[in-house]
Amino acid sequence: MPASRPPRIPRRPSSTPDTADHDDLRAPNAWLLMLEGRAPWEYAALLAALPWMRKLPRGDGHPVLVFPGLGANDLSTAPLRALLDALGYATQPWGQGFNFGPRTGVLEQCKARLQDLQRRHHRKVSLVGWSLGGIYARELAKECPAQARCVVTLGTPFTGHPRATNAWRFFEMVSGHTAHDATLLDAIREAPPVPTTSIYSKTDGVVAWRCSVMEPSPLAENIEVQASHIGLGFNPMALYALADRLAQPEGQWQHFEPKGARRWFYKTPHATD
């Protein structure tokens, strides 16, 4: 889903894989959309896994700003933030009620919250966004790279065409923005200049999974998990990967390596195929 203005960075050549023409992508089919009904089971799995999840590597206390998805509010990210708080992070909700798109003042308030967190903690801020919230996280990191430590997105459609999601009509209805601005879409495809991770699922029933895959680089990676779109924010496997990414020491970011038993649960593709 597009933000209200493009980042002030140069565009990549159109020949790179992540900026390829994906206008022929289709939204997830009816079967995948029906599978979104498994989200309550993913939440139940998180509750069952909490004793194990709380043994994940401890955070270093740095602030984490969390953005909800389209049509959701901070209540939807409460389980995610509670886990990160228990691991030692200083999480902060976005604090703007329901996310109905980049309406007037929304992005300005996001930027102000980021800057306030950085000033109060004297630390760079990690930006975590679920679905549309991931667009905010990416765009903030582009505009304020000196204040952003890393970006982690969950099922965020930052490439391809908005019609490759099952939410574009709802986005246009509630945001008042068109989802078909080609120049803006090209800008949104650009990866932030900070370590960036896209966590996505090929069984996402809302967003075509290819819309959430970046061209890997020294600062960009993709992690595939088995999850629904609605359940990504409390799926145990997705949250494990998120916690792993946030736990890395500042300035020592490395790509996620699914070694040992993790190979059964994660894939880290190097292309969109």
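Residue numbers start at 1 and run along the sequence shown. Every heavy atom of this structure was used, including side-chain atoms; hydrogens, water molecules and symmetry mates were not.
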### Query
Any salt bridge between D85 and R81, counting N to O under 4.0 Å?
no
### Query
Can you tell if the side chain of L25 reaches within under 4.5 Å of the side chain of C211, non-hydrogen atoms only?
yes
### Between H229 and S131: side-chain donor-acceptor atoms closer than 3.5 Å
yes
#### Entry: Hydrophobic cluster of L75, others only, ordered by chain and residue number, side-chain cut-off 4.5 Å
none
### Task
Could you tell me whether the side chains of R245 and T197 share a donor-acceptor contact shorter than 3.5 Å?
no
#### Entry: Close side-chain approach of L127 to F67, heavy-atom, < 4.5 Å
yes
### Ion pair K142/E139, N-O distance below 4.0 Å
yes
### Summary
Value for CG (L65) from CD (Q147), rounded to nearest 0.5 Å, stands at 11.5 Å
### Query
In terms of ring plane angle, is the pair Y200 and W209 parallel, tilted or perpendicular, where the classes change at 30° and 60°?
parallel
### Query
Do the ring planes of W52 and Y240 sit parallel (below 30°), tilted (30 to 60°) or perpendicular (above 60°)?
parallel
### Query
Can you list the residues that meet the side-chain contact (heavy atoms from CB on, under 4.5 Å) rule with E250, with sequence neighbours excluded?
K124, R149
### Query
For Q115, does the CD atom have more than 12 heavy-atom neighbours from other residues, nucleotides or ligands under 6.0 Å away?
yes
### Query
Charged N to carboxylate O under 4.0 angstrom, D60 versus R123?
yes
### Task
Indicate yes or no: does E143 engage K111 in a salt bridge with an N to O separation below 4.0 Å.
yes
#### Entry: Side-chain H-bond candidate by donor/acceptor type, Y136 with N99, under 3.5 Å
yes
### Query
CZ/R263 to CD/E257 distance, rounded to the nearest 0.5 angstrom?
11.0 Å
### Query
So V128 and Y89, side-chain contact (heavy atoms from CB on, under 4.5 Å) or not? Walk me through it.
CA-CA 12 Å; V128 176; Y89 298 97; over 6 Å; no
### Query
Side chains of L46 and N235: closer than 4.5 Å at any heavy-atom pair?
no
### Query
Are any of the side-chain nitrogens in R262 or D244 under 4.0 Å away from the carboxylate oxygens of its partner?
yes
### Summary
CD of Q92 to NE2 of H121, rounded to nearest 0.5 Å, is 7.0 Å
### Task
Would you give the length of the straight line joining atom OG1 of T268 to atom CD of E221, rounded to the nearest 0.5 angstrom?
8.0 Å
### Message
Can you confirm whether the side chains of T203 and R38 place a donor and an acceptor under 3.5 Å from each other?
### Response
yes
### Message
For F170, is the CZ atom crowded, meaning more than 12 foreign heavy atoms sit under 6.0 Å from it?
### Response
yes
### Query
Can R189 be said to sit on top of F158's aromatic six-ring, NZ or CZ under 6.0 Å from centre and within 45° of the ring axis?
no
#### Entry: Close side-chain approach of T159 to V213, heavy-atom, < 4.5 Å
no
